[in-house]
Amino acid sequence: MPALAKPASRPVKTAAAPKPKPAAAKPKAAAAAADASHPPYFEVEDEDRLSKLPDDILLDILGKGNIHTCIRASFSSTRWRHLPSLLSHISLDISDFLRSDYDSLYPKAIDKAMSYLNKVARISLAASGSKGTLKAESLRLLLATSYFYDISKIVCDAIGNGEVKSVELALPTVKISLKCCEMDMVRYAKDIICFFEASTNLFRHLTRLFLHNARFDELQMHRLLNSCEQLQHLVLNNCDTGDLSVLKIDMPNSKITYLKLFSCCFEKIEFLCLPKLSEFHYELWYSINSPFSFGIVPCLEKVRLVSSMGNDQSGFKLSELLHGANEMHALTLDFLGDEVWMLPEGHKLHTLFNSLSKLFIHGIYAKFGLSWTLTLLEAAPFLKTFGIKVCDHVCTEKNRRLFAKRTNPWQKNNKLNRSRPLHLTRLEFGGFMAVKKHLQFVRAVMNYASSLETILLEDEDHCGYCDEVSSSLAYSLTGSMLPKNKSEQDMIRNQLGVGASCSVQIIFK
């Protein structure tokens, strides 16, 4: 509790002391002028050393906090007052205006937070008067408010004034994905389309768009995406056009370079034409057969596929799935500790991997062997970086018993043709343990790759759910077996034959 102000002392009346004359009252105008010259925030006689710094340094300091903090700081001094309008990147995130995550469940709390966000948007997007200041705007708004249109108008005015050069929009929903039913997704899609139709100018200038938990009809989806003329970065989380529907994307004029799909319930996505697409991520698909196909994607260089395999799903050949990705340089496959959904194949894989410089095989079930991955290594003759990650999630074992036993169709493909030279320079091993199987694998790669320069040995990725399971038992199931101290690490180096004269560097992380 702040200290109470000490009351002003009064003259004591005595017989000897004459009564003091009251001080002359200030004129009202003078008093008002005095109050105006001393704002109620901070009374500063002399500028502190921080305020004497140039604008570019102060902007760098303010840019490290959220916009809410930045606006409050700007009111601490007239020296800082103009700075928010000079920020090059402004992020208006609804979570910065909510007291807690629980507030997102209450309409009144959301409405109040959006009201504050609206006021901050007006201040931060005010005309700076400097033609050299162009802002990148990030908006993260909840799909449950009437302030959408006010904020959209503020941003569009700033775009029209030349203050904003790029806009990022994220529209998370009140309900999380796991709690969204079909009716929720249809309603959220309707809200997004209503916002889109009332703010077409905003969507026309979007460069990054994040949509969540929405079930559109196909016409709505095409109309929305085609209207985002400047869109370069698109993320769809639990969005689709109906259970196991087929979405065809034919956008020859699209500027989309990055596309990520997460837990989208399509049977298949046909990329007929996305000429600028360079990076594609697909995590958790539910289709029975191949989840996507490529048509015209001449710039596609990086692909990341992450999914387990359900009982009704079948495996597929990479050469067929990734057909058309002729310029692919980096590929990540993550099986989430489950069955390997990639089917074995021969020389067609060599053709697909001919341009690869980076290959990562993640989520390999700990009880599977590792030598089969060497077959993939051989199929990519110009590979420079090869990484594997082994995992054993105890948190999934209880549910796992309800399904069939894990299988790996590649298990018998463990022979490497030594006559084919490898140009590998870096090996990454996640989930490494000081056990015979892992040491043998690293030695095998070292023997085959004469150009190897670096070996990175990492601990298994942390999993909070596994920790919860382990904490309920009398013993730990999640203890690390990665060498920690220098003597343990030197022992591993010796076992791998890496001495002082060896050029290979081993890094433990």
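FYI, the numbering just counts along the sequence from 1. Here the structure is a predicted model, which is why all the values come from computation and not from measurement.
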If only atom types and distance count, is the side chain of Ser278 paired as donor or acceptor with the main-chain N or O of Leu300 below 3.5 Å? no

Going from NZ on Lys317 to CG on Leu322, what distance comes out if it is rounded to the nearest 0.5 angstrom? 14.0 Å

Side-chain donor/acceptor of Asp93 to backbone N/O of Ser95, under 3.5 Å: yes

Start with the C-alpha gap between His89 and Ser138, add the side-chain angles, then the distance that decides, and say whether side-chain hydrogen bond (donor to acceptor under 3.5 Å, both in side chains) holds. CA-CA 8 Å; His89 181 266; Ser138 297; 2.9 Å; yes

Looking at Asn238, is its backbone amide N or carbonyl O close enough to the side chain of Ser177 to form a donor-acceptor pair, meaning the two atoms are under 3.5 Å apart? no

What I want to find out is whether Lys108 reaches Asp111 closely enough, with some N-O distance under 4.0 Å, to be called a salt bridge. no

Would you name the heavy atoms of Leu231 and His233 that are closest together and state the gap between them? CD1-O, 3.6 Å

Atom NE2 of residue position His222 - does it have more than 12 heavy atoms of other residues, nucleotides or ligands inside 6.0 Å? yes

Between Lys248 and Glu218, what is the shortest heavy-atom contact and its length? N-OE2, 4.1 Å

So Thr373 and Leu377, side chain to side chain contact (heavy atoms under 4.5 Å, CB included) or not? Walk me through it. CA-CA 6 Å; Thr373 62; Leu377 183 60; over 6 Å; no

Taken to the nearest 0.5 Å, the spacing of Glu460 CD from Cys391 SG works out to 6.0 Å

Got a sec: does the CD1 of Ile296 have more than 12 other heavy atoms crowding it under 6.0 Å? no

The reported gap from CG in Asn201 to OG in Ser227 (rounded to nearest 0.5 angstrom) is 11.5 Å

Nearest 0.5 Å, what's the CD-OG distance between Glu301 and Ser355? 10.0 Å

Output yes when Lys255 and Glu229 qualify as a salt bridge under the 4.0 Å nitrogen-oxygen rule, no when they do not. no

Of all heavy-atom pairs between Ser124 and Ile67, which one has the smallest distance, and what is that distance? CB-CD1, 4.0 Å

Tell me if the aromatic rings of Phe294 and Phe280 count as close, with their centers under 6.0 Å from one another. yes

Which distance, rounded to the nearest 0.5 Å, do you find between the CZ of Arg208 and the CG of Leu139? 12.5 Å

Lys389 bridged to Asp334 by N-O distance under 4.0 Å: no

Note, Leu169 side chain near Glu137 side chain (heavy atom, < 4.5 Å): no

Throw together a table of side-chain donor-acceptor distances under 3.5 angstrom for residues 150-158, partners on residues two or more places apart or in other chains.
from, atom 1, to, atom 2, distance (Å)
Ser152, OG, Ser199, OG, 3.1
Lys153, NZ, Asp157, OD2, 3.1

Aromatic ring pairing Tyr149/Phe195, orientation class (parallel under 30°, perpendicular over 60°, tilted between): perpendicular

Gln232 backbone acceptor or donor facing Thr257 side chain under 3.5 Å: yes

Grab the two heavy atoms, one from Pro298 and one from Pro275, that are nearest each other, plus how far apart they are. CG-O, 3.7 Å

Kindly state each residue pair satisfying side chain to side chain donor-acceptor pair (under 3.5 Å) with at least one member in residues 261-273, sequence neighbours excluded. Ser263-Tyr286

Looking at Glu182, I want to see if its CD is surrounded by more than 12 non-hydrogen atoms of other residues, nucleotides or ligands under 6.0 Å. no

Please evaluate residues Ile94 and Arg140 with respect to the criterion side chain to side chain contact (heavy atoms under 4.5 Å, CB included), reporting the C-alpha separation (whole Å), side-chain torsions for both, the decisive distance (0.1 Å), and the verdict. CA-CA 6 Å; Ile94 182 64; Arg140 187 173 181 273; 4.0 Å; yes

Between Phe429 and Phe432, what is the ring plane arrangement, given parallel below 30°, perpendicular above 60°, and tilted in between? perpendicular

Less than 4.5 Å apart, any side-chain heavy atom of Leu141 and any of Phe148? yes

Test your reading of the model: is there a side-chain donor-acceptor pair from His362 to the backbone of Leu333, 3.5 Å cut-off? no

Is there a side-chain contact between Gln313 and Ile288, using heavy atoms and a 4.5 Å cut-off? no

Min side-chain heavy-atom separation Pro381-Asn354 under 4.5 Å: yes

For the aromatic rings, using the six-membered ring if either is Trp, is the centroid distance between Phe292 and Phe266 under 6.0 Å? no

Determine whether a donor-acceptor pair (N or O, by modelled atom type, separation under 3.5 Å) exists between the side chain of Arg406 and the backbone of Val340. no

Checking Trp341 side chain against Phe335 main chain: does a donor-acceptor pair fall under 3.5 Å? no

Do Leu321 and Leu305 come within less than 4.5 Å of each other through their side chains, counting heavy atoms only? yes

Do the side chain of Trp285 and the main chain of Tyr282 share a donor and acceptor less than 3.5 angstrom apart? no

Quick check: does any side chain N or O of Glu345 sit under 3.5 Å from a backbone N or O of Ser319, one acting as donor and the other as acceptor? yes

If only atom types and distance count, is the side chain of Trp410 paired as donor or acceptor with the main-chain N or O of Met342 below 3.5 Å? yes

Would you call the rings of Phe196 and Phe203 parallel, tilted or perpendicular, where under 30° means parallel and over 60° means perpendicular? perpendicular

Could you work out, with side-chain contact (heavy atoms from CB on, under 4.5 Å) as the rule, every residue matching His212, not counting sequence neighbours? Pro172, Phe210, Asn237

Report the C-alpha separation of Leu359 and Thr385 in whole Å, then their side-chain angles, then the decisive distance to 0.1 Å, and conclude whether the side chain to side chain contact (heavy atoms under 4.5 Å, CB included) test is met. CA-CA 6 Å; Leu359 175 62; Thr385 301; over 6 Å; no

Member of Asp191, Asp184, Asn213 meeting the side chain to side chain donor-acceptor pair (under 3.5 Å) criterion with Thr173: Asn213

Looking only at heavy atoms, which two atoms of Ala366 and Lys437 are closest? And how far apart? O-NZ, 2.9 Å

What pairs with Phe353 under ring pair (Phe, Tyr, Trp, His ring centres under 6.0 Å), at least two apart in sequence or on another chain? none

Identify the two heavy atoms, one from Leu318 and one from Leu331, that lie closest to each other, and give their separation to 0.1 Å. CD1-CD2, 4.4 Å

Flag side-chain contact, heavy atom, 4.5 Å: Leu284 against Phe262: yes

Checking side-chain polar atoms at under 3.5 Å, does Glu279 have a donor or acceptor matched by the opposite partner on His281? yes

Would Glu339 and Asn408 satisfy side chain to side chain contact (heavy atoms under 4.5 Å, CB included), going step by step from the backbone distance to the final call? CA-CA 6 Å; Glu339 296 186 54; Asn408 179 8; over 6 Å; no

Check whether any side-chain heavy atom of Val235 lies under 4.5 Å from a side-chain heavy atom of Leu211, and answer yes or no. no

Mind checking the CD1-SG spacing from Ile269 to Cys264? Nearest 0.5 Å is all I need. 6.5 Å

Residue pairs passing the salt bridge (Lys or Arg N to Asp or Glu O under 4.0 Å) test where at least one lies in residues 346-368, sequence neighbours excluded: none

Quick check: do Leu457 and Ile507 have side-chain heavy atoms less than 4.5 Å from each other? no

Could you tell me which residues satisfy salt bridge (charged side-chain N to carboxylate O under 4.0 Å, His left out) with Glu197, sequence neighbours excluded, listed by chain and number? Arg223

